[in-house]
Every structure is written in C-alpha cells, then in structure tokens.
Amino acid sequence: MGAVLPLFPPIASTYARQEDLLFYFLVAVTLFFVLLIFGSIFFFAVRYRRRTPDERAQPTRPNLPLEVAWIVIPLVIALVIFVWGAKLFFVAMRPPAQAVEVTVVGKQWMWKIQHADGTREINALHIPVGTPIKLILTSEDVIHDFFVPAFRIKRDVVPGRYTTAWFEATTPGTYHLFCAQYCGTNHAAMIGSVVVMEPADYERWVRARTSPVLPASAGAVLFQRLGCSSCHQTNTNAKAPALAGLFGQQVTLADSRQVTADMDFLRDHILTPGKTPVAGYPQIMPTYQGQVSEEQILELIAYVRSLARAERSQGGS
Amino acid sequence: MTESIAGLEHQFETLEQQHEAGWLGMWAFLATEIMFFGGMFTGYVIYRWAYFGAFAAGSKDLEIWAGTLNTLVLICSSFTMVLAVHAAETGERRGQIGFLLATMFLGTVFLGVKGYEWTTLFRDHHVPGIGFHFSGPYQNTAQIFFSFYFALTGMHALHMVVGVGLLTFLLVKAWRAEFTPAHHAAVDIIGLYWHFVDIVWIFLFPLLYLVDRHR
Amino acid sequence: MSMVQTAPSYLEDGHGLASWLLTRDHKRIALLYLVSIIGFFFLGAIFAGLIRVNLLSPQGDLVRPQTYNTFFTMHGLIMIFFFLIPSIPAVLGNFVLPLMIGARDLAFPKINLLSWYIFIVGGLFTISAGLFGGVDTGWTFYTPFSSIYSNSNVVLTVIGIFIVGFSSILTGLNFIITTHTMRASGMTWFRLPLFIWALYATSLIMVLGTPVLATTLVLVALERVFHLGIFDPSRGGDPIYFQHLFWFYSHPAVYIMILPSLGVMSETITCFARRRIFGYNAIAFSSLGIAVIGFLVWGHHMFVSGQSVYVGMMFSLLSFLVAIPSAIKVFNWMATLYGGTIAFDTPMLYSLGFIGLFTVGGLTGLYLAAMGVDIHVHDTYFVVAHFHYIMVGGAVMGFMAGLHYWWPKITGRLYPEVWGRLAAIITFLGFNLTFFPQFILGYLGMPRRYHMYPPEFQALNVLSSAGASILGIGYLLPVIYLLWSLRRGQVAGPNPWRATGLEWQTPSPPPTANFEAPPVVREEPYSYPTWEAQID
C-alpha cells in the first residue's frame with residue numbers, strides 16, 4: 001500500500017496465488033489476440049490501402065478450413081479457461097474441514113465480526129497467518145458483499161441466509177476490506193481492514209482482549225431467557241422436538257420432504273417457523289422475528305450446534 | 001402509384017401481404033405475452049416447490065366452484081369466438097354481431113365472478129399488504145401464495161378487459177358490415193388474442209385452484 | 001437509370017410540427033428518435049462527467065454520497081434504456097431497414113410512431129423521478145434495497161422503465177414482421193444485408209426478453225407498495241429470485257446494444273474495403289447464435305451470490321460459448337479487409353476502432369466468465385471497464401460509424417470529412433485513456449459505485465477523468481459539424497460511397513415512398529467489382 005501508481009494488488013492468501021496464475025494466463029491470451037487483431041488491422045490498412053479511386057479488390061473466395069480453424073481454436077482456448085476457472089472456483093467455495101469459523105454480519109454500513117471464542121470486532125478482522133479461516137456471512141438488511149482484494153475473495157452477504165467464504169492468509173500486513181455490492185447511501189464507507197498477524201503477535205492480540213463469552217454460552221442464556229427451553233425439552237411429553245443431536249441430521253417436513261438441519265434450517269425455524277413445518281409436531285412455535293438480532297440468532301445456532309457436539313461425543317465415548 | 005384497393009394500407013403491395021403481416025404480428029405479440037406471464041409462472045413454480053404446504057393451504061382457501069365456473073365460461077367464450085370468426089368468413093353480419101355479443105357477455109361474466117372472488121378474499125383479509133391474515137400453520141408464507149394469486153389473476157383480468165375492448169371495436173365494425181369474406185383479418189387476429197387469454201386461464205386454474213386438492 | 005427526382009424527398013413532404021409529430025413515415029420517425037436519443041445521450045453524459053469529477057479526489061469532494069448514488073443510477077438508466085437500446089435499432093434501423101429490403105415502410109407505421117411516443121412518456125417518467133427525490137438503486141434495482149430500504153423515488157422510475165420497455169417490444173415486433181413479409185422481389189433471406197440479420201436477431205431479444213423485465217419491474221413496484229414479500233426474506237421471499245428475473249432480460253439486453261453495431265460493421269467494412277464479405281453465412285448465423293445463447297448465460301452475474309456451484313458452472317460454460325460467435329465475426333471482418341482496397345473515411349475509422357475496442361471488450365469478458373477470476377473482479381471497476389469497452393467502445397462507436405455512413409442518405413449532405421476523421425481519432429484515444437485505467441483499478445480491487453476510495457487509487461482515477469474530458473470533446477465535435485453540414489455540407493448524391501445495397505439506389509434524401517418503383521434484386525449482397533470482373 002501507499003504506492004502512487006500501484007498496478008497489481010498485494011498477494012496475501014493461498015488462493016490469491018492460484019488466482020493470479022489464471023489471471024496472467026488470461027492476460028497472455030488477451031495480449032496475443034489484441035496484438036493479432038491490431039497488428040492485422042495496421043498491416044492490412046497499409047498493404048491494402050486504396051491507391052486509386054477505381055482500384056478493385058481481390059475476389060472473396062470461400063475458405064472452409066480457415067473458418068473451421070478460427071471456430072475450433074478459440075473454442076479450445078475458451079474451454080481450457082473454463083475448466084481452469086471452474087476448478088479454481090471449487091477451491092474457493094470449499095472451505096477445508098479444519099478451518100476456524102468467524103461469523104460476519106453486514107448492516108448498512110458496517111461489518112460486525114465475531115470470532116469463535118466470542119471476541120467481537122467492528123470493521124476489522126484480526127487473523128493469524130497460515131490458518132484457514134471460514135467466514136459465515138449474513139446481513140441484517142440489504143445485500144452486501146465481503147471483499148478482500150489481497151485475498152482475491154468475495155462473497156455476497158445476503159439477508160435471510162448464510163453464505164460462506166474461506167481463505168488462508170500467507171503474508172502479514174493490513175489489507176482492505178470492501179463492501180462490493182451496492183448497499184445504499186454510504187456504500188463506499190462500508191469498508192474496514194483485515195489484519196494478518198504472525199501467530200505470536202496474534203496470541204498477544206487475543207490475550208489483550210477482555211475475556212469474551214463463548215457464542216454457545218451466550219446462546220444457552222438466550223435459550224432460557226426467550227423461553228425456548230419450556231417447549232424444547234428432552235422429556236417424552238415435550239410439545240416440540242428436542243434439539244440435542246439435531247444439528248446436521250435429516251429432518252422430515254410436514255410435506256414429507258427431507259432436509260438437513262443446517263444453519264439456514266435453524267435460522268428459518270426461529271424467524272419464520274411456518275415456512276417449512278416439521279412433521280409430527282403441531283405448528284405452535286411463535287416467530288421471533290424482530291425479537292432477536294442477527295448476532296443473537298448466530299448465538300442460538302451456536303448453542304444448538306454445541307448440543308449436537310455434546311451428544312456425539314457422549315455417544316462416541 | 002398503384003391504385004388504391006379498399007382497406008389496403010399504403011406500405012403494402014397486396015391485401016394478402018397485409019393480412020400475413022397482421023397475422024404474424026399477433027403471433028409475435030403473443031410470444032411476448034408468453035414471456036411476460038412466463039416470468040411470473042417461473043416464480044410461482046419456484047416458490048410452490050419451496051413452500052408447498054403454504055401453497056396447498058392457500059389454494060384450498062379459494063372458491064373452487066368459482067374457478068370451475070370461470071373455466072367453463074371461458075371455454076364457451078372461445079367457442080363463440082370461433083363461431084364469430086366463421087361468420088366473418090362467410091360474411092353473415094347477424095352471425096358476427098350475435099357471436100361477438102355472446103363472447104363479450106361470457107367475458108363479462110368471467111370478470112364478474114373474478115370480482116366476486118376478490119371481494120371475498122378482501123373480506124377475509126387474504127389480500128397481501130393490506131392487513132393480511134391467514135389462520136393455521138402457514139401464516140407467514142401463505143402471503144406469497146396470495147401475492148402470486150393476485151399478480152397472476154390481476155394481469156389475466158387486465159388482459160380480459162383489453163379483450164372485451166377489442167371485441168367492442170370488432171362489434172362496431174361488424175355493425176357497419178365492414179367484414180367481407182375477403183376482408184376480415186381483424187376478426188381472425190383478435191380471435192387469436194382471445195384464445196390466448198383463455199389458454200392462460202387454462203394454466204392458471206389448476207396452478208392456483210387445484211394444488212393438493214386430492215387429499 | 002435516370003436520376004430525375006419526381007417525388008419530393010421525405011424531408012420536403014410536409015412542413016410544420018404536426019407533419020413530424022403525426023408522421024407515419026419510418027424515416028421521419030427515425031429522425032424523431034435521433035433527436036430524442038441524442039438529448040438523452042448528453043443528459044447521461046453530464047452525469048458521467050459529474051461522476052468523473054467527483055472521483056478526481058479520494059474523498060469524493062464534489063457531492064454528498066447520496067447525490068453521487070443518484071448520479072450513477074441516472075447515468076446507467078438513461079444510457080442503457082434511453083440511448084443504447086434504442087440507438088441503432090430505432091434510429092438507423094428504422095431509417096434503413098425498409099430501404100435495405102426494398103419496402104415502402106415498416107409493416108406497422110402507426111405502431112412505429114406509437115413506439116416513439118411510448119419512449120418519450122417513459123423518458124418523462126424516469127426524468128421526473130430524477131427530479132422528484134431522485135433514485136439511488138443503481139440501474140440494477142437489486143432487492144431488497146430497491147423494494148424496502150431505498151428512500152428514493154423507485155416506483156416512478158420503475159414505471160418509466162416499464163413503459164419504455166414497450167417501445168422496444170413494438171420496434172422489435174415491427175422489424176421482425178417487416179423482414180418476414182415485406183422484402184422486395186428477389187430479396188431472399190440470404191441476400192439480405194448483414195445489418196438486417198443483426199437487426200432481426202436484436203428484435204428477437206427485444207420481443208422475447210423485454211416482457212420479462214416488465215414482469216420483474218411490476219413485481220418490484222408491487223413489492224414496494226404492498227409489501228408482498230416475494231423478494232423479502234423476512235416474509236419468506238428470496239431476494240436472489242429478483243436477480244434471476246432481472247438478468248434474464250438484462251444480460252440479453254447487452255446483445256440488444258451490441259448486435260446492431262456488429263451489423264453496421266459488416267456494411268461499413270465491405271463498403272470501405274470495397275470487397276464482398278467473407279463468410280456471409282457464418283456472420284448471419286453468428287448473430288442468431290448470439291441471440292439464442294445470450295438468453296442462457298444470465299447466471300454469470302451471480303457467481304458469488306450464493307447460487308449453486310454446479311449451476312454456476314453451466315452458466316460459465318455457456319458464457320464461454322457465446323464468445324465464439326463474436327470471435328467468428330471479428331475474424332471474418334479481418335478476412336474481408338485482407339485483399340480489399342481500403343479507404344479511411346470517417347465511418348471506416350470508427351469501424352476499425354470498433355473492431356479493436358470490441359476485441360478488448362470481448363476478451364476481458366473471458367476473465368468474468370472464468371469463475372475463479374470472477375470472484376475477484378466481480379463488481380469492481382474491472383467490470384465497469386469491460387462493459388464500457390463493449391457498450392461505449394463497441395455500441396457507441398458502431399452507432400457513430402453507422403450515423404456517418406448513412407448521414408448522406410438521411411440528410412442528402414456530406415459532413416466535413418477532415419473533422420469527421422479528427423473526431424473519430426479523438427474519440428478512440430479519449431476512450432482508451434478513460435477506460436483502460438479502470439481495468440487496473442478493478443484488478444487492484446476498487447469496487448464499483450464507490451463515492452470515495454483509498455488514496456492509492458487516485459492516480460488511475462485522475463487519468464480516467466482526464467480521458468473522459470477528451471472523450472467529451474470527441475462526442476461534441478460531431479454534433480457541431482453534423483449540424484453545420486445540414487445547410488452547408490456538400491450535396492451527397494444518391495451514392496457517395498459507391499456502395500452496393502438498395503438504400504443507395506434511391507435519391508438522397510429518399511422520397512416518402514422510398515423507391516419510385518418497387519425494386520427487384522438480382523445480385524448477392526456486397527457485389528463489389530473485383531480483379532476477375534476487370535479481366536472479364
């Protein structure tokens with residue numbers, strides 16, 4: 001940063017290196033064809049300029065091999081780029097299993113970020129170098145887009161659902177965080193920074209924070225306070241499904257479809273319970289729309305997930 | 001300059017060319033109409049897949065007798081329209097007037113029944129955006145069903161109103177005995193439009209009224 | 001063939017305002033459109049200028065953020081819906097389509113006039129939305145911002161765009177029917193000038209795509225007024241559904257803007273290289289191919305929106321396929337230049353510039369179709385640069401080429417050639433200076449629709465703004481010398497370029513009925529004399 005006329009963005013993630021490779025291949029293809037076309041235009045313009053007003057042109061004869069050639073060759077090049085681009089995309093869209101989760105809530109016009117240990121940040125994200133980070137993104141209002149040019153990653157932040165993105169930073173430094181999806185008046189001010197630190201520095205930064213509350217613990221408190229626990233009990237005559245072990249399982253809906261109980265499922269059942277009712281239970285759950293913030297929903301989900309983890313570890317032992 | 005042929009517009013060489021242009025023009029227009037309704041039908045299909053339960057509940061709340069009656073009325077109106085076209089081909093003025101009037105009457109009956117349905121839904125607070133209320137488990141998502149119901153039937157009714165207007169235009173011409181076996185393209189073309197609007201309803205009826213009725 | 005003019009030209013056939021405002025002559029309607037779209041173009045250009053001035057400094061000193069947002073929204077709406085989409089079809093197409101196929105007029109002259117009135121009414125709605133509260137959604141109207149959160153005059157704008165869509169539908173419908181039913185004797189489908197093929201493909205998109213935009217806009221307006229919930233996640237709706245509907249029209253709309261320009265190229269390249277087109281069939285079918293595949297690529301605007309990875313792959317593959325017909329056209333033009341006798345009149349300079357810029361624009365499209373790279377460049381200035389290379393470097397250059405090429409036919413006068421060439425060169429240079437830096441800005445990561453930006457992006461933004469001022473001169477010059485030529489220009493005669501094609505076989509300006517007698521076509525298109533003919 002700070003250069004007067006920068007031409008290339010910093011390369012600060014594993015993905016950025018892979019993406020740049022395809023980018024420079026594309027630049028080479030572009031240069032080749034641009035030189036070919038511009039070169040031919042100049043050459044023909046000089047060689048075949050009209051010297052006398054009545055000069056006559058060469059007859060135009062069909063040339064099928066030539067036509068086939070300039071259909072097939074660009075097609076092959078295009079397919080190479082397609083396959084390469086698609087493979088890259090799969091890399092960018094599939095977070096590694098061991099990635100550390102960070103939740104991001106966008107709102108007009110700020111980024112609210114929470115680490116797995118409960119640490120909160122606004123318009124800033126501190127991360128250690130060399131650790132895969134998985135972002136779980138959602139929005140309180142309109143569509144935003146989480147964009148870090150130095151990592152070459154970008155993901156729409158859509159209200160009403162969770163999207164994910166991941167990266168592994170390779171170079172310590174401070175990098176731009178932009179909102180890339182137009183979101184209203186102060187769209188250009190919805191910016192922040194991603195601070196990539198050496199592991200030791202990161203440890204120091206973490207320790208300097210006041211001890212945060214784990215999202216799952218905060219979720220457990222909410223679960224009691226909102227009265228969820230009065231119906232979602234583990235005893236047999238419960239009016240609502242027990243939540244232990246639910247996360248990640250297949251659930252049968254009232255219209256006999258099977259869906260996975262993922263984050264979006266839990267979120268929908270907190271906010272719009274009537275949207276996809278579950279089979280076997282009367283639809284009596286009230287909506288919590290407007291009573292819980294996006295962060296609180298994430299905490300509730302974290303709590304339900306922690307129940308599932310506890311269940312599994314008990315079953316396993 | 002060529003001598004003027006009755007009813008030939010200046011840009012055409014022959015009456016056949018003029019009729020072909022008009023006929024093809026209506027088909028092309030109907031293609032745009034299919035795309036217009038197509039966008040909404042696609043949306044309907046996507047949301048119906050996502051919220052089948054709500055769509056079934058919403059659908060069961062509609063008056064099925066009204067939908068069925070309207071389907072019959074429109075099929076009959078297509079039949080009377082065909083008879084009107086036939087009368088134009090044979091040049092029977094009285095037949096034209098009679099069948100056009102019958103078609104307009106059936107169209108108006110359709111709109112009347114539709115209006116009755118809408119008032120009922122309004123009374124039951126099933127109109128989205130204006131104090132919408134839907135009892136049962138689907139209070140949240142039934143509104144989407146009714147949004148599509150009103151958007152689709154509203155657009156269809158608008159097309160019916162335009163259709164009745166066009167029939168009025170034909171009626172005036174028929175009254176003045178302007179249609180001859182050689183020159184009745186307008187009846188053909190507007191007939192095409194009328195059939196199209198009927199066909200849209202033939203799709204709307206099962207999509208809106210018959211969701212999950214067998215259960 | 002005697003050139004004695006018996007019928008008065010269409011310009012002299014009737015005087016006074018009413019003779020223009022109630023005309024059914026396609027040539028006069030074309031001029032009504034010309035005047036209106038030039039007005040809209042400069043209105044849009046003023047907004048572009050204000051945007052570029054604001055971006056001179058990182059803090060965006062000129063206007064407040066909200067004002068800036070209304071500027072780029074109005075710039076986009078006006079340029080796309082009120083200039084680019086009607087530019088070549090409704091002006092040049094309207095004027096030359098009946099002439100080129102040997103017809104007296106379009107099939108539905110009244111509908112043609114109606115389309116102009118609809119266009120003006122739609123324009124008035126949109127402009128009044130700009131005056132009363134402005135609109136700040138961007139031309140893309142993304143929900144739920146447009147349907148719930150925006151505090152600006154969205155409904156009025158949406159009505160304006162909804163209305164203007166019908167003008168486009170009617171024009172397309174008219175062109176399709178006219179091409180089918182009104183070709184002169186001997187004018188078979190494969191004798192049609194390639195400009196007609198391009199207009200035909202464009203019309204297909206107008207007729208089949210625009211209604212979907214209408215549906216979309218109706219839903220946005222209903223959603224905003226009645227809170228239906230179709231796009232509102234808190235009521236069970238899906239904001240991404242809007243994007244699918246919107247891009248189903250708005251990606252093909254890009255081809256509405258560029259296909260006619262591609263058609264103009266086939267006319268000017270053959271005329272000024274004075275050589276028959278190479279690969280007529282390939283060019284004709286590539287136009288249709290672009291129109292058809294163009295309907296199936298909309299999802300490439302949504303790679304990072306959360307749509308399924310596999311759906312994204314399908315859209316990516318189809319987007320690469322749609323590049324091939326464009327490549328075919330460029331190579332065929334190059335093969336036409338080869339062995340021609342090339343003259344560098346103004347239309348040809350614009351055309352050669354077009355080929356270069358369209359090549360750059362097309363190739364940079366590959367970056368956006370490649371999913372892995374699109375993640376980074378999506379919604380940055382890279383995209384802005386790419387589509388300006390296609391729409392300004394492509395569509396506008398093509399419009400200028402066509403306008404200069406047919407100007408003698410439209411007015412009966414020649415414009416001053418030296419000034420014409422100068423303007424073409426200034427436009428080319430100014431364009432590249434304006435938009436090339438934006439590719440770099442985009443790759444650096446500057447998002448689009450930013451009212452201010454980090455300071456290290458300033459140098460490139462200043463370069464871009466400097467280029468814009470040069471580009472502005474390039475666009476103002478033609479207005480001056482073309483107006484001047486109306487009275488002072490040299491009289492053109494029926495065929496100043498010695499071009500083939502029916503439109504050049506009637507006087508300039510043509511009589512109201514276009515031809516004194518219905519023409520008969522006996523030759524293939526672009527039958528320019530060759531060496532062989534000389535030897536015979």
Side-chain angles (χ1 to χ4, degrees), chain A residues 1-7 9 19 22-23 26 30 33-34 37-38 40-41 44-45 48-50 55-60 67 70-71 74-75 78 81-82 85-86 88-89 92-93 141-143 149 152-156 158-160 163 176 178 180-182 184-188 272 275 289, chain C residues 65-66 138 142 144-145 149 233-234 236 239 274-276 278-279 282 304-306 309 313 316-317 320 323-324 327-328 331 334 337-343 352 356 359-360 363 366-367 370-373 375-376 378-379 440 444-445 447 449-452 454 456 459 528-532 534:
Chain A
M1 275 202 257
V4 175
L5 188 64
L7 295 179
E19 193 269 354
L22 175 55
F23 177 75
L26 278 162
T30 311
F33 280 103
V34 165
I37 299 296
F38 277 70
S40 319
I41 288 178
F44 294 158
Y48 300 112
R49 69 188 180 279
R50 192 178 295 169
E55 195 181 356
R56 291 184 169 208
Q58 290 178 18
T60 307
E67 290 198 62
W70 68 46
I71 293 174
L75 187 64
I81 302 170
F82 161 68
L88 260 183
F89 193 74
M93 289 294 140
D141 35 48
V142 302
I143 302 177
R152 314 285 188 276
I153 65 141
K154 179 183 287 130
R155 197 71 165 140
D156 276 5
V158 185
T163 54
H176 287 301
F178 293 128
Q181 181 60 262
Y182 174 68
T185 308
N186 286 320
H187 169 52
T272 48
K275 192 165 154 184
Q289 189 94 50
Chain C
Q66 182 61 19
Y142 268 23
F145 181 68
Y149 290 90
S234 70
R274 209 170 278 168
R275 187 160 182 259
R276 178 183 288 188
F278 181 92
V304 299
S305 72
V309 183
M313 271 177 70
S316 170
L317 179 63
F320 279 106
I324 304 302
I328 292 172
F331 289 128
M334 301 313 294
L337 288 178
Y338 172 88
T341 61
I342 302 170
L352 296 177
T359 304
V360 176
L363 285 165
L366 299 180
Y367 296 61
M371 304 166 79
V373 178
I375 296 177
H376 178 55
H378 173 77
D379 268 346
I440 303 172
L444 284 173
R449 297 168 170 175
Y450 260 33
H451 150 266
M452 55 185 190
E456 70 263 27
Y528 288 98
T530 61
W531 291 347
E532 280 177 338
Q534 208 166 26

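Chain A is the first sequence line, chain B the second, and so forth, proteins listed ahead of strands; every chain is numbered from 1.
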C:Y528 versus C:R274, closest heavy-atom pair with distance = CD2-CG, 3.4 Å
Residue from C:V373, C:I324, C:I342, C:L317 scoring the most non-hydrogen pairs under 4.5 Å with chain A is C:I342
Please state whether the side chain, the backbone, both or neither of A:V158 comes within less than 4.5 Å of a heavy atom of chain C.
-> side chain
Check A:P59 against C:T530 and note the closest heavy-atom contact, atom names and distance.
-> CA-CG2, 3.6 Å
Pick from C:A459, C:P239, C:G356, C:G138 with the largest number of heavy-atom pairs that fall under 4.5 Å of chain A | C:G356
Taking the side chain as every heavy atom from C-beta outward, state whether A:H176 and A:P9 have any pair of such atoms under 4.5 Å apart.
-> no
Answer key: most heavy-atom pairs under 4.5 Å with chain A among C:A327, C:G339, C:P233 is C:G339
Winner by heavy-atom pair count (cut-off under 4.5 Å) against chain C, out of A:R50, A:R49, A:Q58 | A:R50
Region of C:A343 in contact with chain A, defined by heavy-atom distances below 4.5 Å = both
Within a strict 4.5 Å, meaning less than it, do heavy atoms of the C:F331 and A:P74 side chains meet?
-> yes
With a 4.5 Å cut-off on heavy-atom pairs, point out which of C:M334, C:H451, C:M452 contacts chain A the most.
-> C:M334
Max heavy-atom pair count under 4.5 Å with chain C, selected residue of A:E55, A:E19, A:Q181 | A:E19
Heavy-atom donor-acceptor pair, A:R56 side chain to C:W531 backbone, under 3.5 Å | no
Minimum heavy-atom separation for C:L337 to A:Y48, with atom names?
-> O-CD1, 3.9 Å
Turns out that what part of A:F178 lies under 4.5 Å from chain C's heavy atoms comes down to both
Interface residue of largest heavy-atom contact number with chain A, from C:G306, C:S305, C:A370, C:G279, under 4.5 Å | C:S305
In terms of heavy-atom pairs under 4.5 Å, which option from A:V142, A:T60, A:I153 contacts chain C the most?
-> A:T60
Heavy-atom distances under 4.5 Å only: say whether C:T359 touches chain A with side chain, backbone, both or neither.
-> side chain
Considering all heavy atoms of both residues, which atom of C:R275 and which atom of C:Y338 are nearest to each other, and what is their separation?
-> NH1-O, 2.7 Å
For A:E67, is it the side chain, the backbone, both or neither that has a heavy atom under 4.5 Å from a heavy atom of chain C?
-> side chain
Chain C: which of A:G184, A:G160, A:A57 shares the most heavy-atom pairs with it under 4.5 Å?
-> A:A57
Report yes if the distance between the aromatic ring centroids of A:Y182 and C:Y142 is under 6.0 Å, otherwise no.
-> no
If you count heavy-atom pairs under 4.5 Å with chain C, which of A:L7, A:T163, A:L22 comes out on top?
-> A:L7
Looking only at heavy atoms, the pair that brings C:L444 and A:P149 closest together is O-CB, 3.5 Å
Could you look at C:L352 and say if it's the side chain, the backbone, both or neither that has a heavy atom under 4.5 Å from chain A?
-> both
Decide whether C:Y367 and A:T30 meet the rule of one side-chain donor and one side-chain acceptor closer than 3.5 Å.
-> yes
